[in-house]
Amino acid sequence: KNECTAALGFIWMLSQGVIKYRNVTAPYLKSNGILPIFLFRRNLLRSLISLTAGTTDKSKNVTDKFHTMSKSEAQILASYKPTINKTTLIHDIARMEKRRSKCFHLFNSTPHITIYYEDLLKNPDKWLDEVQDFINVPRQKLKSDQIKIHNGAIPSSVTNWEEIVATLNGTKYERFLYED
């Protein structure tokens, strides 16, 4: 942060039109030498919980807040436990899975790197070195001031865990209940 002048980046979430405008997105990135770095969570349930929490907590005046550099703000964000809509849960996870699959298909011929959040947390130096190599900048020791918002297990992150378990048990998404 504030020291690397060899690369410039931006965050463009899949929910912000990357797929919708695919006919111009991939060609634009290719023709301008932009190298996509995809950061995904393996656990789509965790992703859905995070997305729901970040977009629906109007009471704390921190809506649409997914990243924080302040411990106090992280505590405020973490204190909000969303209720996941059990009626649309399977559909929502399937939609996220489909969107990710479309992304991989869309960018299969574009130079890119895919990193999973869980892997990055387990071995940050390895993945940050790979990213620096990928974007062809000299390796530096990188660190982030970003603070993780939800540190607990998935059940402690929502208000209706039992309903989520009942909904996902016996489905192909059941594994997300236990992968963390």
Open item on the list: Just to verify, what does Lys126 make a salt bridge (charged side-chain N to carboxylate O under 4.0 Å, His left out) with, not counting sequence neighbours?
Closed with: Glu130
Open item on the list: Nearest 0.5 angstrom please: Asp92 CG to Tyr173 OH, how far?
Closed with: 10.5 Å
Task: Leu177 side chain reached by Asn169 side chain, heavy atoms, under 4.5 Å - done: yes
Task: Steps toward side-chain contact (heavy atoms from CB on, under 4.5 Å) verdict (Trp161, Ile154) - done: CA-CA 8 Å; Trp161 179 247; Ile154 297 177; 3.2 Å; yes
Open item on the list: Quick one: does any side-chain atom of His112 pair with a main-chain N or O of Thr110 as donor and acceptor, under 3.5 Å?
Closed with: yes
Which atom pairs, donor and acceptor, lie under 3.5 Å between side-chain atoms of residues 98-108 and protein residues at least two apart or in another chain?
| residue | atom | partner | partner atom | Å |
| --- | --- | --- | --- | --- |
| Arg100 | NH1 | Arg41 | O | 3.0 |
| Arg100 | NH2 | Arg41 | O | 2.5 |

Task: 4.5 Å side-chain heavy-atom contact, Ser47 and Met96 - done: yes
- [ ] Supply the atom-to-atom distance Asp119 CG to Thr114 OG1, rounded to the nearest 0.5 angstrom.
- [x] 11.0 Å
- [ ] Could you name each residue pair satisfying salt bridge (charged side-chain N to carboxylate O under 4.0 Å, His left out) that touches residues 156-173, not counting sequence neighbours?
- [x] Glu97-Lys172
- [ ] Would you kindly confirm whether Tyr21 and Val18 end up in one hydrophobic cluster when ILVMFWY residues are joined by side chain heavy atoms under 4.5 Å apart?
- [x] no
Task: Residue pair Pro82 / Thr159, side-chain heavy-atom distance below 4.5 Å - done: no
- [ ] Report the C-alpha separation of Leu128 and Lys141 in whole Å, then their side-chain angles, then the decisive distance to 0.1 Å, and conclude whether the side-chain contact (heavy atoms from CB on, under 4.5 Å) test is met.
- [x] CA-CA 9 Å; Leu128 293 174; Lys141 180 69 177 161; over 6 Å; no
Task: Side chain to side chain, Asp125 and Leu142, heavy atoms closer than 4.5 Å - done: no
Task: Expected output: side-chain Asn43 to main-chain Leu45 donor-acceptor under 3.5 Å - done: yes
Task: Interatomic spacing from CG in Asn136 to CG in Asp133 - rounded to 0.5 Å - done: 8.5 Å
Open item on the list: When you measure from the side chain of Lys81 to the backbone of Ser156, do you find a donor-acceptor pair of N or O atoms at a distance under 3.5 Å?
Closed with: yes
Open item on the list: A side-chain contact here means heavy atoms from C-beta on lying under 4.5 Å apart; do Ile135 and Ile113 qualify?
Closed with: no
Task: Derivation and outcome, side-chain contact (heavy atoms from CB on, under 4.5 Å), residues Asn85 and Thr52 - done: CA-CA 10 Å; Asn85 184 337; Thr52 304; over 6 Å; no
Open item on the list: Any heavy-atom pair between the side chains of Phe38 and Ile115 that's under 4.5 Å?
Closed with: no
Open item on the list: Between Leu35 and Val24, is there shared hydrophobic-cluster membership here, with clusters defined by ILVMFWY side-chain heavy atoms closer than 4.5 Å?
Closed with: no
Task: Pro111 versus Pro36, closest heavy-atom pair with distance - done: O-CD, 3.2 Å
- [ ] State the OG1-CZ distance between Thr171 and Phe176, to the nearest 0.5 angstrom.
- [x] 9.0 Å
TODO: Show the numbers, then the answer: is there a side-chain contact (heavy atoms from CB on, under 4.5 Å) between Thr83 and Val158?
DONE: CA-CA 6 Å; Thr83 300; Val158 295; over 6 Å; no
Open item on the list: On a heavy-atom basis, which atom in Arg46 and which in Ala153 lie closest, and how many Å separate them?
Closed with: NH2-C, 3.9 Å
